[in-house]
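Encoded as structure tokens, the structure appears first; notes follow it.
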Amino acid sequence: MSTHHTTKKRKLPGANTTSHVSIRPSNSKQVHYTVTSASTSSTQTHTLAKLPSPTKSRDSEPADIQEPNIELELIPVKKPRTQNGQLLDDFEAHFEELGWLLLEREADPATNTLCKCGSGKNQTTKCFDCLEYSPVCTDCFVRTHINNPTHWAEVWDQNAGFFIRHDISTLDHTIQLGHQGGKCDSPTPTRTFTIVDVNGVHTTKVAFCSCREQPPNKVRQLMRAGLFPATAKDPHTAFTINMLKDFQLHNFESKKAAYDYLGAIRRLTDNSFTADIPNPYAAFLRVVRVFNYLTLVKRSGQLHGIDRILSHRPAGNLLVWCPACPEPGFNSDLNCPKTPSHLRHLNQSQRTLDGNHQCNQFSKNNDPDDVSLCNGKGYFPLDSEYQEYLKKVPATAEKSTCNYLKVVNKQDKKKFKNMAITGTVNCQCSHVFILSSVDLPHAERFANADYAFAMALQNRRPNDKFEFKLQIEVKDVDEVATYDIACEYIINLPSRFEQQFPDLYETVKKIRWGVPALHVQGHQDSCTYLFGTAFMECVAHFHGETAEHYWPESNQLGPHTRQMNLGHRQDTLIAHHGDWNHKKTSKIAFDLAEDIEEAKTKYTEKRNHFIALSISYSENVPQWQGLSRTPSKLGKEAVSVYKHDTTKVPSQKAIYEKMLNDQENFKSSMVPKSKIARFLDSAIKIQENQRKLANLIKDTSEHELQSRKTEVEKLTTKLRTQIVEFRKVQTQIMPKVGDRVAAQALKPPALQLECLYIPSDFDAAARKKLALDELAAEEAIWREGQLYDILRGLQNIVKAVSALRGRKKKNDRQQKQNTRTGEYISDTLKKQGHHIESYAAVRQKIVILNGSCSLPTLMEQDLFMKSVQQKRHVGDSKRTDGLLFRAAALSAVGSYDVDGDATMTDAHSGEEGKGPGETENSKRRLRRMKQRKRYTRMTDEEMDAWASEGIFVKRVN
């Protein structure tokens, strides 16, 4: 760690020479520093309670005293080490010991001593492939490695002074096959044989058994010994099955190339003279391909005759099937052959199509006889049939009115230069199981996607062996599919299938199509409401981009498949498709369990939110229930109940001024009808004005503007008048609090802090003593109405903030625009803070009066609101609007008419609900607001409708 130095100049009293002061803080609170004089070379050490001040008053020091140069050496405090750093530090202390222990393996003190077997031979041979293997003689090594012949024999060379690696055959041993390591009465002549294992390439000796069969079946004997032959006729090379499994997993997980893997195996054999080691690369490629195919056959159950059990599946298929997707005859409920329409998402098949251009193939000299070993039974179709299909489909350019497909069509075609295959199209289910895949001989065309989709449908299509009841279940499955260009893809889809795949025509007609959640963000807005899965009825939670999950894995295969022949390339991709599905199968139970737990949590959350909204805005529910949820298209625009009306959108200024107008002319839901009611209403308004005055004074102290000062003076005068009038009525209604009012007047507080001494200002015992219980019950009713008024006002403000921020992000590009909008947002947020303070204060009053409050406390996160100005974003399904928009539903809101004192009225009922306190100034402000709103070309009704839509519409999505 480097040391930092800081040099400061300072005058020390009584010093007239230049000195260097070194200051180092100790562990105590005291600081020690040393002063060294440059002229006398004397050194003095001082101790201070704290560091000297960097500055000093000039009046306290003589003018002729010079300051010495003080060099401060700051020693930084060491940060605590991370866990990984600490673990590395622990190793660092053992580096030397670990190095010697590595060297210790290169020799052994017991070498060249007599072997304990009694043969009289020296112990010269070790095995590093075994754990803690002591030196033994060669006879003992062979005896202990009869069933591990690929372990290297490390033989001590006395002249060289180190161990030399040998194959077991150099110890006069031949690997005898057919007898599990035992002797054969009639072995074949010994032959030199190459065995490749995970620890290297072995040139050894092998003998086949001919005492049990003539001629010996060499392939069978090698396979039973765990050796996969490089050829089926007279093999001289074999690969251990352990080695093939090891490479297979490396290739599946890290996409390691066969060339690199075999290069590492050869270096493990001899890391110095690797060029002398045999290189069975060509044989290795061939064997890996066959081994992967056999893995598919075994994994699919074909080796066990699974077609006899699951006869409804295509015969001989090599697919790994999704166990969670509806499959009549396998995982269907025989007792429920008909699913109710509103529950069809419970019996739904979800598929998605997507293209990728990474696993392509260069135009090169291909081997025409190199075809896929799967023969159309895997995820790719039989190539000859696929090519014949493409010849029948005319190559037409797909034109579109959607911006997304226009961008796709304009992509750089140079990247496909010299490509025989430009990529692949996959069809997958919503659980990210690959269902089918086809090559793209050119750019992505509808014909390619049609074939991939047809393959996926045909695999699930019932055959003649299906019982009639199962055929009914197949028809009962709801079909949903997505494609990133579905808005154009489905236009002529039925006619294309009627011509090319007539047996699937009826199935295709009933499929509902959408665009994945992420891709639809790039489409024009109409596609969001016409094809967004979030707006499709009974589609459950369709994962946004399932097609994209597999591409990061398969993209790593691109550098390998580009140089492969067609058959080899398809077999490689099929093997990786199958492994991907296999891994999904092994963890799908855990994933589905997690999904169910999350679904339960989200269901409860969304259900409660929906019910709360329905209660809060019950007056709108009948109208909403009469609206159609099915989107339609009018011209080029989508018509949807979920779409915000963008035909007329107010400007930022109009949004801000409407918020101010709503605050200025806010109509309380409580209308006073008696003397007591008017008294309580007056008290509540006084307290509201007190909070306003306090906030104004605070703002004035931060920004000393004359307009603010004038506003403070006017509000102070108004508030003083209100309090005087209030006190006159209070002496009649609350005579017993007169002494407290008089005591306060002797030492009056600031006007905004003056206590009114209404029931909520006393605890229960004091209210009882002052006979205020009945008045307290009446105040509690008014306080609750006040709380709901604050909630409504706060909702309007939050909506205004969201709208202002959205328009600022979308439209403001210059400093003037950004500054103006920033001022609007800042002022609106300030009003939002004032409302939250008022809410907390009024709620506390209710708690004092009733002992509790049915409405919750509001935090900052409770004010969150999803934007209603923009279309739905990815992840909105996991976000819910804050508690503010459903707080009113947490308590039953009804009509109060207690002794004719108060009645809940509609705040938007016009003149009927107008409060008596509206001043001429507010009327002038209203006229001014109307004049300004003419510039936005929106009427008052349009502004109210826009605001109402912003608050209510799209809240349940």
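All values below come from the heavy atoms of this structure, side chains included, with hydrogens, waters and symmetry mates left out. Since the model is a prediction, treat every value here as computed from it, not as a measurement.
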- Quick one: does D129's side chain have a donor or acceptor within less than 3.5 Å of a partner on W152's backbone? yes

- Message: Let's go through V196 and T240 carefully: what are the C-alpha distance in whole Å and the side-chain angles of both, what is the deciding distance for side-chain contact (heavy atoms from CB on, under 4.5 Å) to 0.1 Å, and is it a yes or a no?
- Response: CA-CA 6 Å; V196 185; T240 65; over 6 Å; no

- Do F141 and L171 have side-chain heavy atoms sitting under 4.5 Å apart? yes

- Might you work through the salt bridge (charged side-chain N to carboxylate O under 4.0 Å, His left out) test for R165 and D270, ending with a clear yes or no? CA-CA 9 Å; R165 176 169 293 180; D270 192 329; over 6 Å; no

- Item | SG-CD1 distance between C429 and I434, expressed to the nearest 0.5 angstrom | 10.0 Å

- Note on the structure: In T274, L262, I277, the residue satisfying side-chain contact (heavy atoms from CB on, under 4.5 Å) with R267 is T274

- Anything under 30° is parallel, anything over 60° is perpendicular, the rest tilted; go ahead and classify H577 against F380. parallel

- Does CD in E96 sit with more than 12 non-hydrogen atoms of other residues, nucleotides or ligands closer than 6.0 Å? no

- Got D571 and Y293 here, is their nearest side-chain heavy-atom distance under 4.5 Å? no

- Whether T269 side chain and I265 backbone form a donor-acceptor pair below 3.5 Å: yes

- Message: Taking the basic N atoms (NZ, or NE/NH1/NH2) and the acidic carboxylate oxygens, is any pair closer than 4.0 Å for E154 and K126?
- Response: no

- Item | Stepwise side-chain contact (heavy atoms from CB on, under 4.5 Å) test for I164 and V155 | CA-CA 5 Å; I164 297 179; V155 182; 5.5 Å; no

- Message: Quiz question: by atom type and distance under 3.5 Å, do the side chains of E553 and W551 form a donor-acceptor pair?
- Response: no

- Are any side-chain N or O atoms of D260 and backbone N or O atoms of K256, one a donor and one an acceptor, separated by less than 3.5 Å? no

- Please round to the nearest 0.5 Å and tell me the distance separating atom CG of D354 and atom OG1 of T482. 8.5 Å

- Query: Taking side chain as C-beta onward, heavy atoms only, is P280 less than 4.5 Å from F239?
  - Reply: yes

- Query: Does a donor on one side chain and an acceptor on the other come within less than 3.5 Å for H576 and N251?
  - Reply: yes

- Query: Sub-3.5 Å donor-acceptor pair from the side chain of D197 to the main-chain atoms of G200, do we have one?
  - Reply: no

- Message: Run K584 and Y550 through side-chain contact (heavy atoms from CB on, under 4.5 Å) and show every step you take.
- Response: CA-CA 11 Å; K584 287 292 180 181; Y550 178 60; over 6 Å; no

- With a 4.5 Å limit on heavy-atom distance, are the side chains of Q832 and L863 in contact? yes

- Query: Just by distance, do the side chain of H166 and the backbone of A153 share a donor-acceptor pair under 3.5 Å?
  - Reply: no

- Note on the structure: When every non-hydrogen atom of C325 is compared with those of H431, the smallest separation belongs to SG-ND1, 3.4 Å

- Step through the shown structure and confirm whether more than 12 heavy atoms of other residues, nucleotides or ligands are within 6.0 Å of NZ on K583. yes

- Taken to the nearest 0.5 Å, the spacing of R289 CZ from T572 OG1 works out to 7.5 Å

- Message: Would you say that H202 contacts T194 through its side chain, given a criterion of any heavy-atom pair below 4.5 Å between the two side chains?
- Response: no

- Message: Return the CG to CG distance between N242 and D246, rounded to the nearest 0.5 Å.
- Response: 8.5 Å

- Give a yes or no on this: more than 12 heavy atoms of other residues, nucleotides or ligands lie within 6.0 Å of atom NZ of K245. no

- Message: Would you say Q123 and D108 are linked by a side-chain donor-acceptor pair, where the criterion is simply a distance under 3.5 Å?
- Response: no

- Any side-chain heavy-atom pair of T533 and P516 under 4.5 Å: no

- Message: With a 4.5 Å cut-off on side-chain heavy atoms, are T604 and R607 touching?
- Response: no

- State, without any angle test, whether T295 and Q248 hold a side-chain donor-acceptor pair at a distance under 3.5 Å. yes

- Query: Under 3.5 Å, is there a donor-acceptor pair linking the side chains of W321 and N581?
  - Reply: no

- Query: Under 3.5 Å, side chain of Q361 to main-chain N/O of M564, donor-acceptor pair present?
  - Reply: yes

- Note on the structure: When rounded to the nearest 0.5 Å, the distance separating OG1 of T237 from CZ of F228 is 13.5 Å

- Query: Between H145 and Y133, is the ring centre distance below 6.0 Å?
  - Reply: yes

- Please check if the side chain of N331 supplies one atom and the backbone of P323 the other of a donor-acceptor pair under 3.5 Å. yes

- Would you name the heavy atoms of L353 and C427 that are closest together and state the gap between them? CD2-CB, 3.7 Å

- Query: What pair of heavy atoms forms the shortest contact from A257 to H560, and how long is it?
  - Reply: CB-CE1, 3.6 Å

- Query: Salt bridge check: are R569 and D439 linked by an N-O gap of less than 4.0 Å?
  - Reply: yes

- Can you tell if the side chain of T144 reaches within under 4.5 Å of the side chain of V136, non-hydrogen atoms only? no

- Query: Do the side chain of N360 and the main chain of H357 share a donor and acceptor less than 3.5 angstrom apart?
  - Reply: yes

- Item | Side-chain donor/acceptor of S254 to backbone N/O of H250, under 3.5 Å | yes

- Message: Between D157 and F163, does the side-chain contact (heavy atoms from CB on, under 4.5 Å) criterion hold? Intermediate values first, please.
- Response: CA-CA 6 Å; D157 190 314; F163 288 106; over 6 Å; no

- Note on the structure: V320 and F433 have their tightest heavy-atom pair at O-CD2, 3.9 Å

- Message: In this structure, is the centre-to-centre distance between the rings of Y281 and Y259 below 6.0 Å?
- Response: yes

- For the pair K587 and E594, find out whether any cationic side-chain nitrogen is under 4.0 Å from an anionic carboxylate oxygen. no

- Item | P856 versus L883, closest heavy-atom pair with distance | CG-CD2, 3.3 Å

- Message: I'd like to know if the side chain of N356 pairs up with that of T424 as donor and acceptor (distance under 3.5 Å, no hydrogens or angles considered).
- Response: no

- Query: Counting distance only, does the side-chain N/O of Q556 pair as donor-acceptor with the main-chain N or O of P552 below 3.5 Å?
  - Reply: yes

- Message: Under the side-chain contact (heavy atoms from CB on, under 4.5 Å) test against R299, which residue among D579, L294, L319, L318 passes?
- Response: D579

- Here the pair of heavy atoms bringing L296 nearest to C374 is CD1-SG, 4.0 Å

- Would you please indicate yes or no on a ring centroid separation below 6.0 angstrom for Y261 and F247? yes

- Query: Atom CZ in F291, atom CZ in R286: separation rounded to 0.5 Å?
  - Reply: 16.0 Å

